[in-house]
Structure formats: C-alpha cells, structure tokens
Amino acid sequence: MPPRIAWLRYGAAMFSMTAVSKRYGPGFALGPIDLALAPASTTALIGPSGAGKSTILRLLLGLDWPDAGEVRFDGAPLRRADLLSTRRRIGYVIQEGGLFPHLNCAANVGLLARTLGWSPARITERSRELAERCQLPVDALARYPAELSGGQRQRVGLIRALMLDPPALLLDEPLGALDPIVRHDLQAQMRELFATLGKTVVLVTHDVAEAAFLADRLVLMRDGAIIQQGSARDLLDAPAEPFVRPFMTAQRSLKVSA
Ligand code: ADP
Ligand code: MG
C-alpha cells in the first residue's frame with residue numbers, strides 16, 4: 001500500500017497506522033486514519049478533549065486493538081502474541097507517572113528489569129544513571145511516590161519508562177498535573193532528553209505551546225480524525241481548515257504593557 005506521506009518510504013517508519021479505525025459504543029469513532037512516524041522523531045498529538053489522542057497511544061502500544069486496519073511498530077505488525085516483548089521496547093508514561101503507591105520509587109523503576117532477571121547491582125546502576133539524566137536526586141529513589149513532589153513523581157515515571165532503553169517512548173499528558181514553574185523546567189529538560197536520546201517520541205498534550213516546544217511534528221485531531229499534521233509554522237501559515245488557526249491561537253498568552 002503506498003504511503004500518504006511522501007517523505008517516508010513504506011516500512012521505514014518506527015510506528016505506522018494504516019486505515020486504522022476504532023469504535024467505542026455508538027458515541028465515538030476514530031478514523032480511519034493513516035499515520036507514519038519516523039525513527040527518532042518527536043511528534044505531539046494535540047486537539048480538543050475526546051478527539052482520540054489517548055486512543056492512538058493505546059493502539060500504538062497494544063493496550064487496545066483497532067476494529068480495522070493495521071498498526072506496525074519497527075517494521076512488523078503489532079501482534080497479541082508478541083505483546084510482552086513489544087511493550088519492553090516502548091516506554092509509556094502517563095499523568096502523575098502512574099506509579100505503584102505501595103512500592104518505593106527504586107522498586108517501581110526496577111520492576112520490569114527484575115522480572116527480566118537483571119541483577120540488583122545492574123538495576124541500581126541503571127536507576128542511578130537515569131536519575132542523574134532526569135535530574136532526580138538519587139535519594140528520592142528510596143522514597144515512596146506519595147513522599148515526592150509532582151515533578152519528582154513525573155521524573156520517576158520517565159525513569160521507569162527509560163529503564164530498558166526502549167527505542168520508543170509514548171507520553172500521555174505527562175506534564176498535565178504540574179504547576180507552571182515545575183512544568184516549565186521539565187519541558188526544557190525533556191526537550192534536551194529527547195534531543196540526546198534519539199528515541200521515537202509520541203506525546204499527547206493539550207498545551208499547544210508545549211507541543212510546539214517539544215515536538216518537530218504536530219498532529220492535530222478532532223472527533224477521531226486527523227485534521228492536519230506538520231510543524232507549528234505549517235499549521236499557523238497554511239491551516240487545512242478554519243478550525244486550525246483558532247485552535248492554535250486560543251490559549252491566552254500574558255501581555256504586560258510597559
Ligand atoms: P483524548 O485523549 O483526545 O481526550 P480519548 O482517546 O481518550 O480522547 O477518547 C476519545 C473518545 O473515546 C472519548 O469520547 C472517550 O470517552 C471514548 N473512549 C475512550 N476510551 C474508551 C473506552 N475504553 N470505552 C468507551 N469509550 C472510550
Ligand atoms: Mg487523553
């Protein structure tokens with residue numbers, strides 16, 4: 001099947017969705033959509049609440065299955081039989097980190113590695129290395145999630161997702177629950193992290209400025225359909241339909257007169 005996106009040869013994408021559709025009851029239908037994401041790219045899914053952004057992440061991860069169409073990851077169709085090995089190759093971060101409250105942070109980040117038979121020493125070393133990279137104080141790993149700030153919990157969630165060094169990272173509103181200053185700091189750190197790690201990143205956010213800051217490609221959705229994709233500039237300069245420009249510019253920015 002020929003790709004709709006000329007810059008990506010079919011098969012070269014890290015993630016692709018071809019004619020994918022999904023229905024939840026009578027109320028919501030996603031697609032059919034086509035989407036191809038290049039290796040090492042950072043893509044932000046944006047759009048109003050209920051547009052289908054989280055559904056796309058769940059379909060890419062195999063937490064949910066399309067009614068029709070095909071989802072591919074790293075050159076192969078997603079198959080239920082391969083799901084465990086696929087999940088190890090895709091880090092997933094949700095709001096507030098999605099940590100187990102009854103495990104301390106070291107146990108949270110090491111859970112999967114331990115089931116894979118990593119030695120305690122290797123797990124500790126990797127956790128410390130990532131804590132440093134994600135600017136989490138190493139002693140925070142000894143605490144329980146409830147004993148950390150929101151920003152620290154989010155860092156622990158990120159460390160857990162990066163533990164097995166997956167080629168891909170899916171983040172669902174990872175900074176949504178944070179106060180503005182913490183959010184601002186974490187945005188800058190995440191951008192640097194994405195630039196240095198070379199992973200394929202797909203991020204859901206309702207914050208257009210955050211999307212433009214973190215991602216090289218925006219995918220704007222509404223009512224289960226992809227309305228437009230491209231850079232923030234593309235969407236502002238050549239909106240595919242009247243909805244695009246007001247959506248991109250709706251968020252208030254503070255204007256202070258001199
Ligand atoms: P977004 O992340 O863009 O806000 P979602 O992808 O979470 O939107 O949801 C899209 C629509 O699908 C919403 O109307 C939501 O209520 C519905 N939906 C999502 N998951 C389920 C589910 N498991 N069962 C029923 N409806 C669902
Ligand atoms: Mg969502």
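In each ligand, atom 1 is the first atom listed, and ligand 1 is the first ligand listed. Keep in mind that the numbers below use all heavy atoms, side chains included, and drop hydrogens, waters and symmetry copies.
For T200 (side chain) and S41 (main-chain N/O), no donor-acceptor pair under 3.5 Å exists by modelled atom type. Proximity of a side-chain donor or acceptor of D67 to a complementary backbone N or O of R23 within less than 3.5 Å is detected. Side chain of R87 to main chain of L61: a donor-acceptor pair is present (N/O by atom type, distance under 3.5 Å, no hydrogens or angles). Looking only at distances, no side-chain donor or acceptor of Q152 sits under 3.5 Å from a matching main-chain atom of P137.
Taking any N or O of F28, backbone or side chain, none lies under 3.5 Å from an N or O belonging to ligand 1.
Residue contacts with ligand 1, taken as heavy atom pairs separated by less than 4.0 Å, do not involve E173 at all.
Counting protein heavy atoms only, atom 20 (N) of ligand 1 is closest to R58 NH2, 3.2 Å. Protein heavy atom nearest atom 23 (N) of ligand 1, with residue, atom name and distance: Y24 CE2, 3.7 Å. If you check which protein heavy atom lies closest to atom 7 (O) of ligand 1, you get S54 CB, 3.5 Å. Residue, atom and distance of the protein heavy atom nearest to atom 6 (O) of ligand 1 are T55 OG1, 2.5 Å. Looking at atom 4 (O) of ligand 1, its nearest protein heavy atom turns out to be G50 N, 2.7 Å.
Salt-bridge check for E129 with R126: passed, with a basic side-chain N closer than 4.0 Å to an acidic carboxylate O.
Within ligand 1, counting atoms from 1 as listed, the ones closer than 4.0 Å to a heavy atom of S49 are 4 (O).
Counting protein heavy atoms under 4.0 angstrom from atom 15 (C) of ligand 1 gives zero.
Taking only non-hydrogen atoms, the option from G52, P48, G224 nearest to atom 8 (O) of ligand 1 is G52.
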Exercise. Apply salt bridge (charged side-chain N to carboxylate O under 4.0 Å, His left out) to the pair K53 and D172, showing each step before the final yes or no.
Key: CA-CA 8 Å; K53 306 178 298 291; D172 199 340; over 6 Å; no

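A tilted orientation is assigned to the rings of F243 and F247, their planes being inclined by 30° to 60°.
Under the 4.5 Å side-chain criterion, counting only non-hydrogen atoms from C-beta, M14 is in contact with F73.
Taking 2.8 Å as the criterion, S54 counts as a coordinating residue of the Mg ion (ligand 2), since one of its N, O or S atoms falls below it.
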